[in-house]
Each structure stands twice: as structure tokens, then as C-alpha cells.
There are 2 protein chains.
Amino acid sequence: MAKSSKLAEPAEPLVAGTDAQAPLDSALDDLIGYALRRAQLKLFQNLIGRLAVHDLRPAQFSALAIIDQNPGLMQADLAKALAIEPPQVVPLLNKLESRALAVRVRCKPDKRSYGIFLSKTGETLLKELKYIAAQSDLDSTVALSGAEREELLRLLKKVYQ
Amino acid sequence: MAKSSKLAEPAEPLVAGTDAQAPLDSALDDLIGYALRRAQLKLFQNLIGRLAVHDLRPAQFSALAIIDQNPGLMQADLAKALAIEPPQVVPLLNKLESRALAVRVRCKPDKRSYGIFLSKTGETLLKELKYIAAQSDLDSTVALSGAEREELLRLLKKVYQ
DNA sequence: TATTGTTATACTCTATAACTATA
DNA sequence: TATAGTTATAGAGTATAACAATA
């Protein structure tokens, strides 16, 4: 579906009698789903750019935050929290382990599973990443007042919870 | 990044002294970007399911709506409106043409380009798709009142516009 | 027999370079 | 030479089946 849009001022208006700058998607304008997608894409792109400095993807940042809040969790739990399938957790965790940000530890009574923990390095980096994410959030929503930002967050939670 | 979450009541709480039902992503809870992503995914999945009845993807629905509002536009314009690259427009339009929902017409002074139009079938189907999308929107946001829905839409537009 | 983590695989989405035909 | 559309291709992201080790 559409993700961003708006023509770059065509030489001649696409629709007679219409402002040449008008968005091309006016029929979709009343859909919350469409607005959500476009806003989400904007924030996501901003975050991707900021995390790239640390060679991390948003999913890896989320994983670090979830591990930090739930030290010792299993990969199946992490998969559920990230809403991805267990096989996708493997390369994600491999990357975090190769960079010494997280570790898999065989520490459970059930020897099939691992407990996942952040390393000291991971905890330190996560603190910086949280700051970066918060800055990215503010940067992408400069058009909103503080009150509007809080209201938006409240409404979004109400939708997905 | 995380898309949905919440553990399915683990036998033992992952974090001592914490409600076993508590979400695993509390550190991400204050980020609008995170809430946006989760809400967007919920609405997107709902829409995908509803459009599947007509063997269409959200991007194809958006394309139909944009063509309807801008009859005769070029593929480069459509690519911009959908925020995708021109090569991605080709299979998308091929599909719409093979189903006789849209047509490419060599009608411009510039013989390299096509004008894209909806067929009568496309216009008729689009009307139904718009209804389906509106229903999907409402269905996914039942937790909101009418006023909250309007406020959410207003705030989202403010963010991405 | 069921489950955890893993491998292999495939399908979609996305992005880039290069080609064609026009300009 | 530049542009519209196209082709080919490669990289992510995502999903499923099947396997090994353990329960």
C-alpha cells in the first residue's frame, strides 16, 4: 500500500481544476489504516537512519530492550514478544552475540532451552539506544505539541492493546 | 522491530515480583514509533485478510484509489504516490490489467509514457473495496469512540504531512 | 509423543543497475 | 544526452516444514 506520497509538482495538473500540489491519495485520506501506515513509515525510516550509526536494525533494538526487561527469557518468548517466528530469532540473536551485546546461557532445568541475557556492553549500549529512539520519536513528531504527543500515544495503545 | 507481543502466561514469571501477564516490552512503551508500528500492523493484517477475498493486496487497492482520483496519470507518478520504485509498478499494473481493472493507454504526446485509467470493472470493484477498507478501519479501532477516531486521524495526518 | 532451537527453503517486498524506445 | 518503462537481479523480511537434542 501507499507509504508516502505526493507528486513533485507535475508540469500540468493531473486533474483539471485541481491544485497541482494536491495529494494523489485523497480517496484514502479518511482511512486510519492509511494514515497509520504513512506515519509509521516516517518514524521507522527516521529510526533506521539513527540506529544505522550503531549498525543495528529496529528489531535488534527492540530485542535488546525486551531482553533487558526480561533477563533469562527463552528464545520462544522473545519470538512472541517480537511477533516473529522462532527461526527468525536465530540470526538476530547470533548477531547480538557476535557483537557481545547478549548471551545465550544453558541455565534452565530444561536443557533444550537457553536463557538470554544482556552483557554489560549490551546494557550500556541499550541506554544510548533508548536515548536515540526517544530523540527519533520527538524529531519525527515535531508537528505535535507535548499534549498531542501524549494523546496520540494513548490512542495508539488503545488500538493495539 | 517488535510488532505485537505479550507472553502467553509463562508457567513462572519471567521477572520476579512482576505480574506474569505484564507485557514484555515495557521499555518501549513510551515510544510513539513503537505504538505506531504495533497499531499499524494490526490494521494492516485486518485489511489484508479482507482484501484477500478479492485476491488483492493493500498496495493494489491503494493503486486503484489513486488511479481513480487521477485518471490518465503516468507510471512514474503512480510510483511516487505509492512511495515505491518504478520497477515495482510494472508487476502491480500487469496484475491489475490482467484482471481488467485498469488499462495502460498510449495517449500522450510523449510516446514513451502511458496514461493509466480504471476500467468500468475497476471502478465498480473500487467502490466495494472502499467500503471494505472503511469497515476494516472501524473493526480494527472498535476500542475508540467516534471522537477518538477523528482525533487519531487528525494527529496522524499532522505527523506525516 | 511433544517441545526448543535450528536448518533449509521459499515467497514477498524492496532497491539498484542496465536495457529499449522514444525524446 | 536524457527520460519512461521495463528487465534482471539481489538483498531484506517473513513464513513453513523438517531435523536434532531433550523432555
Side-chain angles (χ1 to χ4, degrees), chain A residues 1-4 7-8 10-12 14 37 40-41 44-45 47-49 51-52 55-63 72-97 102-116, chain B residues 1-4 7-8 10-11 14 37 40-41 44-45 47-49 51-52 55-63 72-98 102-116:
Chain A
M1 85 295 333
K3 297 151 63 182
S4 111
L7 271 190
E12 32 183 5
L14 291 165
R37 170 125 180 115
Q40 192 270 322
L41 240 68
F44 206 59
Q45 284 311 118
L47 182 63
I48 286 173
L51 291 180
D55 189 27
L56 285 176
R57 298 281 309 171
Q60 298 168 325
F61 162 59
S62 292
L73 85 170
M74 298 194 308
Q75 293 187 198
D77 300 327
L78 185 57
K80 258 186 189 163
L82 290 171
I84 61 180
E85 298 303 311
Q88 301 173 46
V89 174
V90 179
L92 190 155
L93 257 185
N94 287 348
K95 174 82 172 184
L96 296 183
E97 259 195 329
V103 287
R104 281 183 260 228
V105 185
R106 289 260 193 230
C107 59
K108 306 257 182 179
D110 186 334
K111 291 192 200 105
R112 290 171 304 181
S113 65
Y114 296 97
I116 313 173
Chain B
M1 124 225 333
K3 297 151 64 178
S4 110
L7 270 192
L14 291 165
R37 170 129 180 110
Q40 192 270 321
L41 241 68
F44 207 59
Q45 284 311 117
L47 182 63
I48 286 173
L51 291 179
D55 189 28
L56 286 176
R57 298 281 309 171
Q60 297 168 326
F61 162 60
S62 292
L73 84 170
M74 299 195 306
Q75 292 186 201
D77 299 328
L78 184 57
K80 259 186 189 163
L82 290 170
I84 60 181
E85 298 302 311
Q88 301 174 45
V89 174
V90 179
L92 190 156
L93 258 185
N94 287 348
K95 174 84 172 183
L96 296 183
E97 259 195 329
S98 75
V103 287
R104 281 183 259 226
V105 184
R106 289 261 192 228
C107 60
K108 306 257 183 179
D110 186 335
K111 292 192 200 103
R112 291 170 303 182
S113 66
Y114 296 97
I116 313 173

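Residue numbers begin at 1 in each chain, while the letters A, B, ... track the order of the sequences. Model, not experiment: these values are computed from the prediction.
- Atom C1' of nucleotide dG13(D) and atom CG of L82(A) are separated by 13 Å, given to the nearest angstrom.
- Atom CG of L56(A) and atom P of dA12(D) are 14 Å apart (whole Å).
- Evaluation of the salt bridge (Lys or Arg N to Asp or Glu O under 4.0 Å) rule for R57(B) yields no partner, not counting sequence neighbours.
- A residue-by-residue look at P109(B) and D110(A) shows that D110(A) has its nearest nucleotide of DNA chain C further toward the 5' end.
- Rounding to whole angstrom units, CD1 of residue I48(B) and P of dC13(C) are separated by 8 Å.
- For K111(A), the salt bridge (Lys or Arg N to Asp or Glu O under 4.0 Å) criterion is met by no residue, not counting sequence neighbours.
- Between the CG atom of L92(A) and the C1' atom of dG13(D) there is a distance of 12 Å, rounded to whole Å.
- In this structure, K111(A) atom NZ and dT3(C) atom C1' are separated by 15 Å, rounded to whole Å.
- With sequence neighbours excluded, the residues satisfying side chain to side chain contact (heavy atoms under 4.5 Å, CB included) with R104(B) are Q75(B), L93(B), N94(B), E97(B), Y114(B).
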So which protein nitrogen or oxygen atoms get under 3.5 Å of nucleotides 5-8 of chain D's nitrogens or oxygens?
residue: dG5(D); atom: OP1; partner: Q75(B); partner atom: N; Å: 3.1
residue: dG5(D); atom: OP1; partner: Y114(B); partner atom: N; Å: 3.4
residue: dG5(D); atom: OP2; partner: Q75(B); partner atom: N; Å: 3.4
residue: dG5(D); atom: OP2; partner: A76(B); partner atom: N; Å: 2.9
residue: dT6(D); atom: OP1; partner: R104(B); partner atom: NH1; Å: 2.9
residue: dT6(D); atom: OP2; partner: Q75(B); partner atom: OE1; Å: 3.1
residue: dT6(D); atom: OP2; partner: Q75(B); partner atom: NE2; Å: 2.5
residue: dT6(D); atom: OP2; partner: R104(B); partner atom: NH1; Å: 3.0

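- Between the CG atom of L41(A) and the P atom of dA12(D) there is a distance of 18 Å, rounded to whole Å.
- For Q45(B), the side chain to side chain contact (heavy atoms under 4.5 Å, CB included) partners are I48(B), not counting sequence neighbours.
- The nearest whole Å value for the distance from the CZ atom in F44(A) to the P atom in dG13(D) is 8 Å.
- A salt bridge links R112(A) with D110(A); the closest basic N to acidic carboxylate O contact falls under 4.0 Å.
- Sorted by first then second residue, the salt bridge (Lys or Arg N to Asp or Glu O under 4.0 Å) pairs that include residues 86-95 of chain B, not counting sequence neighbours, are D55(B)-K95(B).
- Per the geometry, CG belonging to D55(A) stands 11 Å off P belonging to dA12(D), to the nearest Å.
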